[in-house]
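Here the structure is laid out as structure tokens; the discussion comes afterwards.
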Amino acid sequence: MPELPEVEVVRRGLADGILGRRIADVQVLHPRPVRRHLPGPADFAARLVGRTFTEPRRRGKYLWLPFADGDALLAHLGMSGQFRLDRPEATLVPNTRVLFSFDDGGTQLRFVDQRMFGGLSLSPEGAELPPEIAHIGRDPFDPEFDLAEAVSRMRRKRTNIKRALLDQQLVAGIGNIYADEALWRARTHYARATASLSRAKATEVLTAATEVMRTALGQGGTSFDALYVNVNGASGYFDRSLAVYGQEGRPCPRCGAPVRREPFMNRSAFRCPRCQRTPYGSAYLP
DNA sequence: ACTATATCCTGTATGC
DNA sequence: TGCATACAGGATATAG
């Protein structure tokens, strides 16, 4: 599941592969990934031809590829989206959805997405910051990210800490994997009410999230299978460092207690039952 | 205004 | 073996 570190790995890979290249042809092989472009796939393709990519940008899990003319190609990888850079003659991998060819005849940019929760759209005037994602909060890697302000906003919310971590308008980039890992590092239960957190504790949780994502980025991100790979099709290896996510029944790396998987928001939350005690009095269970 | 939930989507794993 | 169901979960529309 691509979260901030995985998306950043992709952004860096694209920077090396598309900077300064001019689009010669676009083929939309499945309409769903361009569903946000209301005039349709043919219009999407036609409008992109002739444009030149500049330096790829990212906010949270959103990626945008600005064009030299001030517009941008906005992208979200969703659950299973990938960008690949492959030679034009290379066989298409399954679930290839959109193909970009360049006038230099070099590698194609290919958008692959099995589940199609992700997508691409043309963002007019979006080169600096696509207006479609102006509501997304800054992420912890952003130089202008304000930790103290994020802590204040978090403590004002009437919800629990894991919901708050997953709220992209509060702090962008955190998904289920890094939320669970951050909470484990900060020895905090997912149902802990944000309003009951001290300023110091909230800061500790957000700092833990930032650190775990920075460490994961250093290892190329987290991969469980072929669903998340970089632009060369290779996997990251942070999955070997996960303490609790996906580790049901395995010993907590800190205390040895077996990790539990529990239902949370129609999904799962993984925690150590000893390091992350249930906060009976200060729990927020919707 | 704010929070919670249903929905989209497909491949893989599991149960009967 | 075959069929049904559960699960993975980010963002958004909608309900409360």
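Proteins get letters first, then strands, A, B, ... in listed order; numbering begins at 1 in each. Side chains included, hydrogens not; waters and symmetry mates left out as well; all remaining heavy atoms used.
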Next item on the list: Mark yes or no for a side-chain to base donor-acceptor pair under 3.5 Å between R115(A) and dA8(C), with no hydrogen or angle criteria applied.
Entry: yes
Checklist line | dT10(B) OP1/OP2 closer than 4.0 Å to side-chain N/O of N95(A) | finding: no
Check: Base, sugar-phosphate alone, or nothing: which one does R261(A) contact when heavy atoms must sit under 4.0 Å apart?
Finding: sugar-phosphate
Item checked: Distance in angstrom units between R58(A) CZ and dG10(C) P, rounded -> 15 Å
Notebook entry, point to check: Is the shortest distance from a Lys or Arg side-chain nitrogen in D180(A) or K162(A) to a carboxylate oxygen in the other one below 4.0 Å?
Noted result: yes
Check: Can you check whether H76(A) has a side-chain N or O nearer than 4.0 Å to OP1 or OP2 of dA11(C)?
Finding: yes
Checklist line | OP1 or OP2 of dT5(B) under 4.0 Å from side-chain N/O of R163(A) | finding: yes
Note to self: Tell me whether the side-chain N/O atoms of S268(A) come closer than 4.0 Å to OP1 or OP2 in dA8(C).
What the structure shows: yes
Check: Can you check the D167(A) CG to dT3(B) P distance for me, whole Å?
Finding: 8 Å
Note to self: Is R36(A) close enough to dT12(C) that one of its side-chain N or O atoms is under 4.0 Å from OP1 or OP2 there?
What the structure shows: yes
Check: Does R185(A) come within less than 4.0 Å of E204(A), counting only side-chain N to carboxylate O?
Finding: no
Notebook entry, point to check: Expressed in angstrom and rounded to an integer, what is the separation of F264(A) atom CZ from dG10(C) atom P?
Noted result: 12 Å
Next item on the list: Classify the nucleic acid contact of H30(A) as base, sugar-phosphate or nothing, counting any heavy atom under 4.0 Å across all strands shown.
Entry: nothing
Check: Roughly how many Å is it from CG in L170(A) to P in dC2(B), rounded to a whole number?
Finding: 12 Å
Next item on the list: Look at the side chain of M116(A) and decide which nucleotide, out of dA11(C), dC7(C), dT10(B), has an atom nearest to it.
Entry: dT10(B)
Next item on the list: Under 4.0 Å between any heavy atoms, over every strand shown, what does Y62(A) touch: base, sugar-phosphate, or nothing? Just pick one.
Entry: sugar-phosphate
Next item on the list: Under 4.0 Å between any heavy atoms, over every strand shown, what does R267(A) touch: base, sugar-phosphate, or nothing? Just pick one.
Entry: base
Next item on the list: Could you check how far CD of Q169(A) sits from P of dT3(B), rounded to whole Å?
Entry: 11 Å
Notebook entry, point to check: Starting at NE2 of H135(A) and ending at C1' of dG10(C), how long is that distance when rounded to a whole Å?
Noted result: 11 Å
Item checked: Whole-Å gap separating C1' (dG10(C)) and CG (L120(A)) -> 15 Å
Notebook entry, point to check: Among dG10(C), dT3(B), dT12(C), which is the nearest nucleotide to the side chain of E3(A)?
Noted result: dG10(C)
Next item on the list: Pick base, sugar-phosphate or nothing for R32(A), based on heavy-atom distances below 4.0 Å to the nucleic acid.
Entry: sugar-phosphate
Check: Which class fits the ring pair F238(A) and Y178(A): parallel under 30°, tilted 30 to 60°, perpendicular over 60°?
Finding: tilted
Note to self: Please classify the nucleic acid contact of D113(A) as base, sugar-phosphate, or nothing, using heavy-atom distances under 4.0 Å.
What the structure shows: nothing
Note to self: If we ignore hydrogens and angles and just use 3.5 Å, is the side chain of Q108(A) paired with the main-chain N or O of L99(A) as donor and acceptor?
What the structure shows: no
Check: Atom CG of N266(A) and atom P of dG10(C): how far apart are they, to the nearest Å?
Finding: 13 Å
Margin query: If the test is side chain to side chain contact (heavy atoms under 4.5 Å, CB included), which one of L170(A), N176(A), L183(A) qualifies with L165(A)?
Written below: L183(A)
Note to self: Which residues pass the side-chain hydrogen bond (donor to acceptor under 3.5 Å, both in side chains) test with E211(A), not counting sequence neighbours?
What the structure shows: none
Margin query: For a quick test of reading the model: is some side-chain N or O of K157(A) closer than 4.0 Å to OP1 or OP2 of dC2(B)?
Written below: no
Check: Is any NZ, NE, NH1 or NH2 atom of the basic residue among D113(A) and R97(A) found under 4.0 Å from an Asp or Glu carboxylate oxygen of the other?
Finding: no
Item checked: Contact list for DNA chain C against residues 174-186 of chain A - heavy-atom distance below 4.0 Å -> G175(A), N176(A)
Checklist line | Side chains of R58(A) and F141(A) in contact at under 4.5 Å (non-hydrogen atoms) | finding: yes
Check: Between R12(A) and E8(A), does at least one N-O distance fall below 4.0 Å, as a salt bridge requires?
Finding: yes
Check: For dT10(B), does either OP1 or OP2 sit under 4.0 Å from a side-chain N or O belonging to Q114(A)?
Finding: no
Checklist line | N/O (side chain, T159(A)) to phosphate O (OP1/OP2, dA4(B)) under 4.0 Å | finding: yes
